[in-house]
A.B. asks: 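Can you keep this structure in mind? I'll have questions shortly.
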Amino acid sequence: MAKIALITGVTGQDGSYLSEFLLAKGYEVHGIIRRSSVDYRERIAHLEGVPHFHLHYADMSDSMSLVKLVGKVQPDEIYNLAAQSHVQVSFDAPEFTADVDAVGVLRILEAVRTNHLEKSCRIYQASTSELYGKVEEVPQNENTPFHPYSPYAVAKLYGYWIIKEYREAYNMFCCSGILFNHESERRGETFVTRKITLAAARIAQGKQERLYLGNLDSLRDWGYAKDYVECMWLILQHDTPEDFVIATGVQHTVREFATLAFHHAGIELRWEGKGIDEKGIVESLSPALAQGKGVQIGDVVVAVSPDFYRPTDVVNLLGDPSKAKRELGWNPQSTTFEQLVELMVAHDMKKIAADDAAAEIRKVNLAEYLEKGVDK
Ligand code: NAP
Ligand code: G4F
């Protein structure tokens with residue numbers, strides 16, 4: 001019998017990779033989607049219609065929908081990935097963030113208990129390095145004290161503790177993966193890495209003049225999302241329910257990410273100024289770009305805007321993945337930082353060129369339509 005997995009947050013970056021991973025392992029995969037006025041689900045469009053992949057409407061803020069769905073699907077494993085996952089947005093929408101990211105976890109746990117599945121169903125909770133927040137030690141491991149530093153992190157801390165509580169109170173197999181930042185070609189476009197790779201591609205292709213960023217000194221331990229979903233599965237296959245730090249053990253600043261991303265787009269940057277006055281200036285161009293009329297040597301292509309500063313910012317994340325390496329046999333270095341940046345830029349260079357080609361086709365179609373009329 002194929003194992004049955006239920007994924008909340010299936011339309012997100014991690015949900016899409018995890019679906020592919022579990023389908024390849026022979027699972028029957030069920031995902032939760034929510035009603036939206038635009039029904040195209042970009043990251044999982046290629047999976048819709050695939051046998052053993054099923055989507056259901058429910059919402060993390062609606063316990064009844066979750067209870068009914070868990071009862072209907074009878075999952076062996078639940079991967080709770082759904083969240084309002086943007087830290088800066090959590091300052092603007094703290095109550096919504098708490099409802100989905102904190103109480104949502106409780107709703108999943110209670111849906112499992114209500115359906116009497118607590119002995120058979122294993123639960124993975126998408127926890128986060130944001131719990132370390134205003135960090136109390138570097139690097140951070142499973143024993144490092146938490147100091148959440150945003151409404152998002154405070155909500156996720158509740159999720160972490162309620163998972164632990166249900167594990168101890170009801171003997172449930174539920175665990176948190178404390179994942180450090182992981183990125184990919186499917187990363188949301190307002191997270192800093194994707195914002196940079198898309199902008200570098202647009203600037204190289206003459207479609208954007210400048211990229212505005214916030215804190216360039218912030219340090220992150222960035223890994224590749226495709227590598228990290230394997231760990232979510234490994235955590236649930238472990239003999240005992242335990243929490244794990246998942247990270248690469250290497251950190252870089254936002255500035256270093258930007259320098260490397262622009263390099264792969266054909267633009268070498270030099271940095272001048274400090275704080276709000278810092279700028280990324282074009283030092284040299286690849287031969288292909290040097291011949292074009294777009295970006296020029298001396299252009300300011302990166303600047304700092306206070307709009308992207310946070311009321312409190314987490315600035316020094318570095319994970320120690322020793323436990324995951326030792327107990328799960330997971331390799332934290334499958335994809336290096338350098339490979340990650342390169343593959344994201346390569347993807348976005350193609351995407352921006354293709355978007356332009358598609359827009360050109362739409363323009364031609366529109367011109368033809370206006371000229372010939374709809375019936376001709
Ligand atoms: P993401 O791309 O932002 O995806 C979030 C998912 O949650 C989407 O499918 C979204 O659905 C869904 N969702 C949001 N609110 C919901 C609601 N009320 N009901 C049902 N679904 C809802 O996030 P991700 O990067 O894949 O991250 C997955 C999880 O890991 C999140 O819990 C995140 O907080 C956590 N995490 C991420 C990282 C990272 O670096 N990526 C690191 C540590 C922890 P829509 O598509 O409909 O919006
Ligand atoms: O890319 P970010 O928005 O990711 P952040 O805040 O680290 O959160 C992500 O990783 C967490 C794991 O640690 C997840 F739990 C969470 O769900 C999410 O996936 O920002 C990274 C850093 C921050 O210090 C931010 O201040 O980059 C800095 N930054 C500088 N300029 C910027 C920008 N961040 C964004 N989003 N946009 C900027 O323009």
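Numbering of ligands and ligand atoms starts at 1, following listing order.
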A.B. asks: Is the number of heavy atoms from other residues, nucleotides or ligands under 6.0 Å of Lys134 NZ greater than 12?
C.D. replies: no
A.B. asks: One residue to check: Met60. Relative to ligand 1, which of side chain, backbone, both or neither has a non-hydrogen atom less than 4.0 Å away?
C.D. replies: both
A.B. asks: For ligand 2 and Tyr152, I'd like to know whether there is a polar contact (N/O to N/O, distance under 3.5 Å).
C.D. replies: yes
A.B. asks: Is the closest heavy-atom distance from Lys156 to ligand 1 below 4.0 Å?
C.D. replies: yes
A.B. asks: Given the ring of Phe257, does Arg220 sit roughly above its face, with NZ or CZ under 6.0 Å from the centre of the six-membered ring and within 45° of the axis?
C.D. replies: no
A.B. asks: When you check the gap from the basic side-chain N to the acidic O, do Asp217 and Arg255 get nearer than 4.0 Å?
C.D. replies: yes
A.B. asks: If the contact criterion is a heavy-atom separation under 4.0 Å, does Arg187 count as touching ligand 1?
C.D. replies: yes
A.B. asks: May I ask whether Tyr152 has any heavy atom positioned less than 4.0 angstrom from an atom of ligand 1?
C.D. replies: yes
A.B. asks: Should you measure from each heavy atom of Thr128, which atoms of ligand 1 turn up under 4.0 Å away?
C.D. replies: 43 (C), 44 (C)
A.B. asks: So for ligand 1, is Ser61 a polar contact partner (N or O within less than 3.5 Å, distance only)?
C.D. replies: no
A.B. asks: Is it the case that ligand 1 has an N or O less than 3.5 angstrom from some N or O of Phe191?
C.D. replies: no
A.B. asks: Hey, does Thr8 sit under 4.0 Å from ligand 1 if you only count heavy atoms?
C.D. replies: no
A.B. asks: Considering the heavy atoms of Ser127, write down every atom of ligand 1 situated less than 4.0 Å from one of them.
C.D. replies: 43 (C), 44 (C)
A.B. asks: Using a 4.0 Å heavy-atom cut-off, which part of Asp14 comes near ligand 1: side chain, backbone, both, or neither?
C.D. replies: both
